[in-house]
Colleague: 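Structure below; questions to follow.
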Amino acid sequence: MFEYTGCGLEGIFLKNGYAIEETPYGQAVSIADLDGLHRAIARDIIRQQSPMTGHQFRFLRKEQDLVQDELAAMFRVDVQTIANWEKKGKEAVPGAADIAMRAFYTAFIHVQFKPVPVAKDAEPDESATFEREDERWIDVEAA
């Protein structure tokens, strides 16, 4: 398994769908359908029963190609508020911000692909394991 840290989250593991290659500069990893993997990670975040962490909040913002200033305008808060939520790291963001971000991302992905079911709350958890199956990324139980 490969721990994928390029998304800014800890504990994201890939069971397959990647290749480790030797380059003149050392080892490099190529990941099949990186956009699809990021959508799978985002779907996992949206479906979690746990509060969203600051890292996850930032991940979803970036997946929507929004800068902090744009998101602040949409949420009708100061840009520093967005920055503070994202700086929480592994700590949960405030409930209203969590709910709003899940709603914004769910609408964003629904328009592009299909609905994402949403679960109830539990403890924060950033870790997940993904595998590539039938040319798409799916989230699987951690090994």
Side-chain angles (χ1 to χ4, degrees), residues 1-75 77 79-95 97-143:
M1 268 202 290
F2 172 72
E3 184 173 12
Y4 174 54
T5 58
C7 62
L9 301 170
E10 295 178 12
I12 301 296
F13 291 93
L14 308 182
K15 291 181 103 174
N16 60 12
Y18 66 93
I20 298 175
E21 304 164 0
E22 284 298 326
T23 72
Y25 305 102
Q27 287 189 336
V29 176
S30 63
I31 298 173
D33 186 19
L34 190 59
D35 290 337
L37 173 59
H38 279 219
R39 281 192 303 277
I41 293 169
R43 280 193 313 270
D44 180 67
I45 293 168
I46 296 300
R47 284 187 245 172
Q48 285 180 7
Q49 296 182 2
S50 59
M52 185 181 306
T53 68
H55 289 153
Q56 292 169 326
F57 186 90
R58 181 185 62 229
F59 177 82
L60 293 179
R61 173 182 60 80
K62 289 182 173 186
E63 283 304 296
Q64 296 175 84
D65 290 324
L66 295 171
V67 296
Q68 289 180 340
D69 194 47
E70 292 170 317
L71 189 60
M74 291 168 61
F75 279 30
V77 297
V79 68
Q80 192 58 47
T81 301
I82 300 294
N84 287 339
W85 290 339
E86 292 182 0
K87 287 178 188 172
K88 286 188 169 287
K90 291 184 176 183
E91 294 179 34
V93 298
D98 179 314
I99 293 165
M101 180 55 89
R102 288 175 197 261
F104 272 102
Y105 186 82
T106 300
F108 170 79
I109 204 71
H110 178 79
V111 168
Q112 295 185 4
F113 301 97
K114 63 180 186 176
V116 177
V118 179
K120 297 179 182 179
D121 62 337
E123 293 299 313
D125 181 15
E126 291 186 354
S127 62
T129 302
F130 297 87
E131 72 181 324
R132 193 144 163 82
E133 183 178 282
D134 298 326
E135 300 298 314
R136 66 184 188 91
W137 284 100
I138 59 170
D139 47 325
V140 295
E141 293 295 322

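Note: hydrogens, waters and symmetry copies are ignored here, and every other heavy atom, side chains too, is used.
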Colleague: Can you measure from CG (Leu71) to CG (Leu66) and round to the nearest 0.5 angstrom?
Modeller: 6.0 Å

Colleague: Please find out if less than 6.0 Å separates the ring center of His38 from that of Phe130.
Modeller: no

Colleague: Is a side-chain N or O of Arg102 found less than 3.5 angstrom from the main chain of Ile45, in a donor-acceptor match?
Modeller: yes

Colleague: Donor-acceptor check, side chain of Glu86 to backbone of Ala83, threshold 3.5 angstrom: yes or no?
Modeller: no

Colleague: Drop me the distance from Tyr4's OH to Glu10's CD, to the nearest 0.5 angstrom.
Modeller: 14.5 Å

Colleague: Does this structure show an ion pair linking Glu133 with Arg136, if we count only N-O contacts that are shorter than 4.0 Å?
Modeller: no

Colleague: Specify the closest pair of heavy atoms between Phe57 and Ala97, including all atoms of both residues, with the distance to one decimal.
Modeller: CE1-O, 3.8 Å

Colleague: Taking the side chain as C-beta and beyond, is there a heavy-atom pair between Lys88 and Pro94 under 4.5 Å?
Modeller: yes

Colleague: Which side-chain N or O atoms in residues 27-36 pair as donor and acceptor under 3.5 Å with protein atoms at least two apart or in another chain?
Modeller:
residue, atom, partner, partner atom, Å
Gln27, NE2, Glu22, OE2, 3.3
Ser30, OG, Glu21, OE2, 3.1
Asp33, OD1, Gly36, N, 3.0

Colleague: Any idea which heavy atoms bring Phe75 and Ala100 closest together, and the distance?
Modeller: CZ-CB, 3.6 Å

Colleague: Any side-chain heavy atom of Ile46 within less than 4.5 Å of one from Leu60?
Modeller: yes

Colleague: Looking only at heavy atoms, what is the nearest atom pair of Ile109 and Arg39, with distance?
Modeller: CD1-CD, 3.5 Å

Colleague: Only one of Leu14, Leu37, Asn16 clears side-chain contact (heavy atoms from CB on, under 4.5 Å) with Arg132; which?
Modeller: Asn16

Colleague: Does any N or O in the side chain of Asp44 come within less than 3.5 Å of the main-chain N or O of Ala40, such that one atom is a donor and the other an acceptor?
Modeller: no

Colleague: Please round to the nearest 0.5 Å and tell me the distance separating atom NE2 of His55 and atom CD of Glu91.
Modeller: 10.0 Å

Colleague: Any side-chain to backbone donor/acceptor pair from Asp98 onto Val93? Under 3.5 Å, distance only.
Modeller: no

Colleague: Can you tell me how far OG1 of Thr5 sits from CZ of Phe13, rounded to the nearest 0.5 angstrom?
Modeller: 10.0 Å

Colleague: When rounded to the nearest 0.5 angstrom, what distance separates CZ in Arg61 from CD in Gln68?
Modeller: 4.5 Å

Colleague: Using the side-chain contact (heavy atoms from CB on, under 4.5 Å) rule, pick out the option among Gln56, Met74, Gln64 that qualifies with Met101.
Modeller: Gln64

Colleague: Apply ring pair (Phe, Tyr, Trp, His ring centres under 6.0 Å) to Phe108 and list each qualifying residue two or more places apart in sequence or on a separate chain.
Modeller: Tyr105

Colleague: Which distance, rounded to the nearest 0.5 Å, do you find between the OG1 of Thr106 and the CZ of Arg47?
Modeller: 10.0 Å

